[in-house]
Amino acid sequence: MRVALFITCYNDTLFPETGKAVVRVLERLGHTVEFPAGQTCCGQMHWNTGYQTEALPLVGRFVAQFKGAEAVVVPSSSCVAMIRDHYPKMAAEIGDAKLIQAVEELLPRVFEFSEFLTKRLGLEDVGAYYPHRVTYHASCHGLRNLGLGDGPQRLLRAVRGIDLVEIEGLEQCCGFGGTFAVKNADVSSAMLAEKTTAVLNTGAEACTACDNSCLMHIQGALHRQRTGVRTVHLAEILASEEAVPR
Amino acid sequence: MSRAAELTVLDPTTSPAFPVAAKTMLRDAQLRKNVRHATEVIQNKRARVVGEMPDWQQLREAGRQIRTHTMANLDFYLEEFERNCTKAGGVVHWARDSAEAKQIVTALVKASGSGGEGATEVIKIKSMTTEEIHLNQALEAAGIHAYETDLAELIIQLGHDQPSHIVVPALHKNRQQIREIFQREMNLPELGEKPEDLADAARRFLREKFLRVKTAVSGANFLIAETGGVCIVESEGNGRMCLTLPETLITVAGIDKVLPRFQDLEVVLQLLPRSATGERMNPYNSIWTGVHEGDGPRSFHVVLMDNARTEVLADEEGRQTLNCIRCGACQNACPVYRQTGGHAYGSVYAGPIGAILTPQLQKMHYAQSLPYASSLCGACYEVCPVKINIPEVLIHLRNKVVEQKSSLDPEALAMKTMALIFRSEKRFRAAQRLGRIAEAPLVRRDGQDGGWIGWLPGILGGWTQVRDLQEMPKETFRDWWEKRGSRGN
């Protein structure tokens, strides 16, 4: 399959390893990967903070980049939630009939990375090897907006060598919430403290998720507290192989 | 003394912004422990009884449809209610706003009472609508003392406190704290700390009021247009006492409380108790229609209050807020509420529903920090029995807040600049390079794991209060992709 990647502004700039891992996994599975260079941002930060007018032009940009793609894979559950939940409404607001139709046609082909593997390809074992104790954090958007269910955990359970330990309060928000983390820094920190305590209680070496934004938040506190616990995007675990242990 | 007790009244027009009030609450370890414990207990009970219902999702959908239909035809159903209530012997009053509602109720109370003398006391069955308009203070100013009879409201009143939850107003208090309040305020130094002891003290204290006071003020869970009836659900029986014993009953209800048909209760009376307190049914479900010779109050009034609800109704996207049946499930499920409790919201309506209802009831002039008091995690939407898409309304209201901002606001300027950057690949790449240069002076390299930023300036400093930030990698994904070439390594 020809798979177009939407790496998202956040991953592109701050977490390039996640994008590379997505490429590795998809190519290992025999797919052809493309990266439309004109892509930038889905507009989530603007939209969710109330800057609707500013977010609107990004819909047209996204459609122009990915129109005609067989599948669009995105390693970020919150960006997919943004696209799926809001793009139709945004296109309608712009009022361009062609754009409305293009969004409608494109949306069924846009997948969050783990969702693409489990739901579109019907895979659980992608041939990964990761001999570490890992806990999984269910990001709110993946859990509630995308309905990923236990898909990510099924992928993780099929990884050779992994010791997957469940976190307490799996469905509890980590407190990131985009600009919420700075606008309500104190509440966000209190929510984060609960989450990092839960991570540490698992005794895991690493915490994984389908969204680097939650992970950056969790990682920030784990590093500040000198815990030695890492965060790693799900794609990076799935990209690891026995020949090249990471 | 707890922080909460220092508050005089929850008024959105004078309350501090949410982040400020939340900071205060976060320092109150006892309050946070109480709130967390209580919300966890209710949430678990709720999950259990909701799990028993194979048709829960259909029930939610039915609830959503009933409420949406009602809001779309609110004028029709309100007039139908007025007609039928009047026919049954009730008197309907219309109040445009809080001031009018208080005036009407005060006048009605003054005209009530036995022996031709105006009443100086009323008993009350919990009503968040009267809390919304600070009715007790208005009555007090007119020389009328209101006794709250709901156990939680009694605790709040005796503790000179404010409600922190729409269903469990004293959820932020634990048993020891309640005992102390009762010991002090009821003059019972020997009072034990078992739940029975506390319930017994409250019962003795309230019985005397029920039998003596001849005028009652109630809220309403639902108004039924088809019959002109009013419905209240409760757990303690105090409501039933207030609704049946006094000679005069005055019900204050928001115009959003109406249901079209008696049969609609079938749906909402399944959704409400399960969502609110995790019970299959409320112990007391009272429906009263007008007045009846020799039975119950001799005069019955309903004050239908707008207080900005028609403005909410006029907003297509915000309208679903009025579908709320006041179960409080969103509060219990909200991770933000769980950390701060209700008082941080500066309004009687706290938690996610408060975050969308309060600013709208204030016509977006006050409480503008509330739409941001959420991480948009969606837990509130998931549990809402009438499927109010609270995250969607929060985002909609954030847009309204932004629209009221000056274009010179630093946040607005930053957001506009970033939006401009995202509209061009070239500008985006330049910004990525610039970011690396700008962060360089802040990056520390003291470990084995690369560079980290431990301090950020301005509003971003909120991030580095408790978190570090990893430095930007040298190479973006797109740089790597270009170097690699489209055909692999």
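Between chain A and the residues B:Asp468, B:Val336, B:Val402, B:Val466, the largest count of heavy-atom pairs under 4.5 Å involves B:Asp468. Ranked by heavy-atom pairs shorter than 4.5 Å toward chain B, the options A:Glu171, A:Lys89, A:Gln225, A:His141 are led by A:Lys89. The residue among B:Glu475, B:Arg338, B:Arg32 with the most heavy atom pairs within less than 4.5 Å of chain A is B:Arg338. Ranking A:Ala221, A:Gly220, A:Ala185 against chain B, the residue ahead of the rest is A:Gly220, based on heavy-atom pairs under 4.5 Å. Note: B:Arg467 leads B:His396, B:Arg398, B:Arg467 in heavy-atom pairs under 4.5 Å with chain A. Per-residue counts of heavy-atom pairs under 4.5 Å with chain A were compared for B:Lys400, B:Lys426, B:Lys405, B:Glu411; the largest is that of B:Glu411. Of all the listed residues (B:Glu392, B:Met472, B:Lys416), the one sharing the greatest number of non-hydrogen pairs under 4.5 Å with chain A is B:Lys416.
Using a 4.5 Å cut-off between heavy atoms, B:Arg427 does not touch chain A at all. Using a 4.5 Å cut-off between heavy atoms, B:Glu403 makes no contact with chain A at all. Only the side chain of B:Phe428 comes within contact range of chain A, with heavy atoms under 4.5 Å apart. Residue B:Ser374 touches chain A through its backbone alone, counting heavy-atom pairs closer than 4.5 Å. Of the atoms belonging to B:Gln465, heavy atoms from both backbone and side chain fall under 4.5 Å from chain A. If you measure heavy-atom distances from A:Thr179 to chain B, the contacts under 4.5 Å come from the side chain alone. With a threshold of 4.5 angstrom between heavy atoms, B:Leu26 approaches chain A through side-chain atoms but not through N, CA, C or O. Heavy atoms of B:Leu469 lying under 4.5 Å from chain A belong exclusively to its side chain. Neither the backbone nor the side chain of B:Glu40 comes within contact range of chain A, judged by heavy atoms closer than 4.5 Å. Within the 4.5 angstrom heavy-atom criterion, no atom of B:Arg436 approaches chain A. B:Ala412 touches chain A through backbone and side chain together, each having a heavy atom under 4.5 Å away.
Side chain to side chain, B:Gln30 and B:Asn34 meet the donor-acceptor criterion of an N or O pair below 3.5 Å.
A cation-pi geometry, defined here as NZ or CZ lying under 6.0 Å from the six-membered ring centre and within 45° of its normal, does not hold between B:Arg478 and B:Trp481.
Between A:Phe113 and A:His233, the two ring planes are tilted [angle within 30° to 60°].
Taking the ring centroids of B:Tyr372 and A:Phe180, they lie at or beyond the 6.0 Å cut-off. For B:Phe477 and A:Phe15, the ring centers sit 6.0 Å or farther from each other.
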